[in-house]
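Report on the structure given below.
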There are 2 protein chains.
Amino acid sequence: MAKQNTVFKDAFNRCLKVLEQTASLPSEPELGATLSVSRTTVRAILTRLEEVGLLAWEKRRKIVLRKPVAADYFPTEETDSLSEIIERSFMRRILAGGAEPGMQINELELAREIGIGTTSVREFLIRFSRFGLIEKRPNSHWVLKGFTRDFALELTEVREMFELRSAAAFAHLPGEHPAWQELDAIEAVHHAILADIENRYLDFSELDERFHLLVHRASKNRFVVDFYDVIAIVFHYHYQWNKTNARERNARALEEHLAYISALRSRDPSRIEHACRQHLKSARETLLQSIN
Amino acid sequence: MAKQNTVFKDAFNRCLKVLEQTASLPSEPELGATLSVSRTTVRAILTRLEEVGLLAWEKRRKIVLRKPVAADYFPTEETDSLSEIIERSFMRRILAGGAEPGMQINELELAREIGIGTTSVREFLIRFSRFGLIEKRPNSHWVLKGFTRDFALELTEVREMFELRSAAAFAHLPGEHPAWQELDAIEAVHHAILADIENRYLDFSELDERFHLLVHRASKNRFVVDFYDVIAIVFHYHYQWNKTNARERNARALEEHLAYISALRSRDPSRIEHACRQHLKSARETLLQSIN
DNA sequence: AATCTGTCTATTGTCGATAAAAGACAAAAG
DNA sequence: CTTTTGTCTTTTATCGACAATAGACAGATT
């Protein structure tokens, strides 16, 4: 197979959600915009909806015939893009599995293990290399540098530089900048999670990323914002991997975030710096603890 | 053709240089180490040296029969690796040619223009994307963000953060660290170029990279060091492209480097910071001037 | 005993081919 | 005259194949 039709399957599933709540579908371009796919894919979706008897489609008439049921959806395994599959597979290997620093990475072996072509693996490794966890020996193998203590220290050093600067820049955003509204929304979710911390503490990971990305964006610097990808991926898999004391850690981080948010809103540089440093310090400690 | 034998050709040329100065060649592993290639390539080189009558090779006996002449070398166009060719070609397009920001980049078109396969172009673009000049729309084209004023400002902002910190770290390197010797060597080249500035001002570009990379390395942070690649490539092509007032600019930068070097050697934090800021400021101005 | 060479295998870098997806354009519908 | 649809072309994502290169191992040489 030359290309997986995951875009189609994923958009189809999302279209079913839309379909659950309306009696008819909008025009092809509009539906394309809603699902973020091209008209070609929209038409493929409409064709299939008709085939499985969900839709009566004739030109502009797109009438929903019945509510979709679970069996209409494509299984989730089939909707992940290849690069997501590779990333998960690879991260499991290097974080969970006993992967020693210095180990060689074999493209062919990885490809066979995941069951995909070598080109996709190569492209993944090239993209992944910017995270500083692997390194290429030209004309030869990749070397795993590993998720080591040094790695964590270097990562957090840059993170702290960037975030302190971004937080300071945040204070200078004009009052009508949408970031302030987003900050309000983020704060509200913090309170919601804290109110039901026992059940919802695992929601923190996603919220953490959303908050810090917002702060980094205030730098208006593409290198700072792009670097946040590195932090995000490390923390993302770190949270998945290390769940000891997750409840307490996350509760504490949530409180720190709230202090940080309130400092940002005060626009007082020294309060911001203090709250930011405080939080970054405990984030660093958490990360380091998980390594040893 | 599946793979260009540029490694072979380049190593062959370098081997001819070695051959100009000895009467016989060392063992295969040793030669491989000298040329940084595998034994397979060494043997291919030896085979060809024998074919063209430069060497009498029988097992351990590798006797030079005559001095190599210009015609023995492979032409330089054939020794560049594919990625170097793509990079040059691409940079010429986006820096020299009238490439508007927002323009679409077409993989197939680029590949055909350069006369190579699409896979190589794709891999190049993925690697290149970390420089922040292009961006991918998934399942669709790349977008040229362009070498704009914003780009230069964002680049220099991060550069200044990183370099100030690296310079400060430099002062704490132990006296026996090899960086101090390299610093001496670099300083000597500065004096040599300044003494013959009229003829040698174009040598500055390479020296500049060597010096700043040395400073960045003192950070001992892979993200800082890796980021220097972005700076290096931008300045590299910038120097090639914009040669107005190059002599004066470079002379000034050389003087600033000397002050910077002397400050580093003093290990006095405030002197270092001052000299570093001074130089970074004029580097930024130079870069910005070339954009408008 | 250490290193070198001969030989063989494994892996990378690059290509062209092909299905999925994006997108262009004109005719049709409002 | 603006938007939608039908149709067609172009481009991307992925694959498998193959030459260049790296690398492993055993026997030969010093």
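Per chain, numbering begins at 1; letters A, B, ... match sequence-line order. Hydrogens, waters and symmetry mates are skipped; everything else that's a heavy atom, side chains included, is used.
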A:Glu107 atom CD is separated from D:dT14 atom P, nearest whole Å, by 16 Å
OP1, OP2 of D:dT10 versus side-chain N and O of B:His141: anything below 4.0 Å?
-> no
Which residue, A:Gln104 or A:Gly117, contacts DNA chain D at a nucleotide closer to its 5' end, judged by nearest heavy atom?
-> A:Gly117
Taking OP1 and OP2 of C:dG16, is either one under 4.0 Å from a side-chain nitrogen or oxygen of B:Thr118?
-> no
Could you check which of D:dT11, C:dG30, C:dG13 has an atom nearest any side-chain atom of A:Arg60?
-> C:dG30
Nucleotide nearest B:Arg39 (side chain, heavy atoms from C-beta), chosen from C:dT5, D:dT7, C:dT11 | C:dT5
Describe the nucleic acid contact of A:Ser140 in one word from base, sugar-phosphate, nothing, applying a heavy-atom distance below 4.0 Å.
-> sugar-phosphate
Base, sugar-phosphate alone, or nothing: which one does A:Lys136 contact when heavy atoms must sit under 4.0 Å apart?
-> sugar-phosphate
Is any N or O donor-acceptor pair between the side chain of A:Lys59 and the base of D:dT5 shorter than 3.5 Å?
-> no
Grab the CG-P distance between B:Leu110 and D:dT11 for me, whole Å please.
-> 12 Å
The answer to which of B:Phe8 and B:Trp142 contacts DNA chain D further toward the 5' end, by nearest nucleotide, is B:Trp142
Side-chain N or O of A:Ser120 less than 4.0 angstrom from OP1 or OP2 on D:dA13?
-> no
Base, sugar-phosphate, or nothing for B:Thr119, non-hydrogen atoms under 4.0 angstrom?
-> base
Does the salt bridge (charged side-chain N to carboxylate O under 4.0 Å, His left out) test come out yes or no for B:Asp72 and B:Arg66, once each step is laid out?
-> CA-CA 11 Å; B:Asp72 292 319; B:Arg66 63 175 176 84; 3.0 Å; yes
If only atom types and distance count, is the side chain of B:Lys62 paired as donor or acceptor with the main-chain N or O of B:Ala56 below 3.5 Å?
-> no
Given DNA chain C, 5'-ward residue of the pair A:Arg137 and B:Pro26, judged by closest heavy atom = B:Pro26
Sugar-phosphate only, base, or nothing, as touched by A:Gln4 at under 4.0 Å among non-hydrogen atoms = sugar-phosphate
What is the distance from CD of A:Glu30 to P of D:dT3, rounded to the nearest Å?
-> 12 Å
With respect to the side chain of A:Glu123, which nucleotide from C:dC15, D:dG23, D:dT14 is positioned closest?
-> D:dT14
Could you tell me if the ring centre of A:Phe223 sits under 6.0 Å from that of B:Phe162?
-> no
Should A:Glu28 and A:Leu46 be marked as a side chain to side chain contact (heavy atoms under 4.5 Å, CB included) after you check the CA-CA gap, both sets of side-chain angles, and the distance that decides it?
-> CA-CA 9 Å; A:Glu28 296 173 12; A:Leu46 292 174; 4.0 Å; yes
Indicate whether the side chain of B:Tyr239 and that of B:Glu206 have a donor and an acceptor atom separated by less than 3.5 Å.
-> no
Assess the side chains of A:Tyr73 and A:Glu78: does a donor N or O sit below 3.5 Å from an acceptor N or O?
-> no
Using a cut-off of strictly less than 4.0 Å, decide whether B:Arg122 has a side-chain nitrogen or oxygen near OP1 or OP2 of D:dA13.
-> yes
Whole Å only: how far is the CG atom of A:Leu125 from the C1' atom of C:dT11?
-> 13 Å
Expressed in angstrom and rounded to an integer, what is the separation of B:Ile126 atom CD1 from C:dG13 atom C1'?
-> 14 Å
Is any side-chain N or O of B:Asn5 closer than 4.0 Å to OP1 or OP2 of C:dG13?
-> no
Heavy-atom neighbours of B:Glu58 CD exceed 12 at 6.0 Å = no
In whole angstrom, what separates A:Lys3's NZ from C:dG16's P?
-> 20 Å
Between A:Ser27 and D:dT4, is there a side-chain N or O to OP1/OP2 distance below 4.0 Å?
-> yes
With heavy atoms under 4.0 Å as the rule, sort B:Ile105 into base, sugar-phosphate or nothing.
-> sugar-phosphate
Nearest-nucleotide comparison on DNA chain C, the residue closer to the 5′ end among B:Asn139 and B:Arg127 = B:Arg127
Choosing from C:dA21, C:dT5, C:dT14, which nucleotide comes nearest the side chain of B:Arg43?
-> C:dT5
Quick one: which of C:dC15, C:dC4, D:dT5 gets closest to the side chain of B:Pro29?
-> C:dC4
Please report, rounded to the nearest Å, how far the P atom of D:dT4 is from the NZ atom of A:Lys62.
-> 9 Å
Give one of base, sugar-phosphate or nothing for B:Thr40, where a contact means two heavy atoms less than 4.0 Å apart.
-> base
How many Å lie between CG on A:Leu108 and C1' on D:dC15, as a whole number?
-> 13 Å
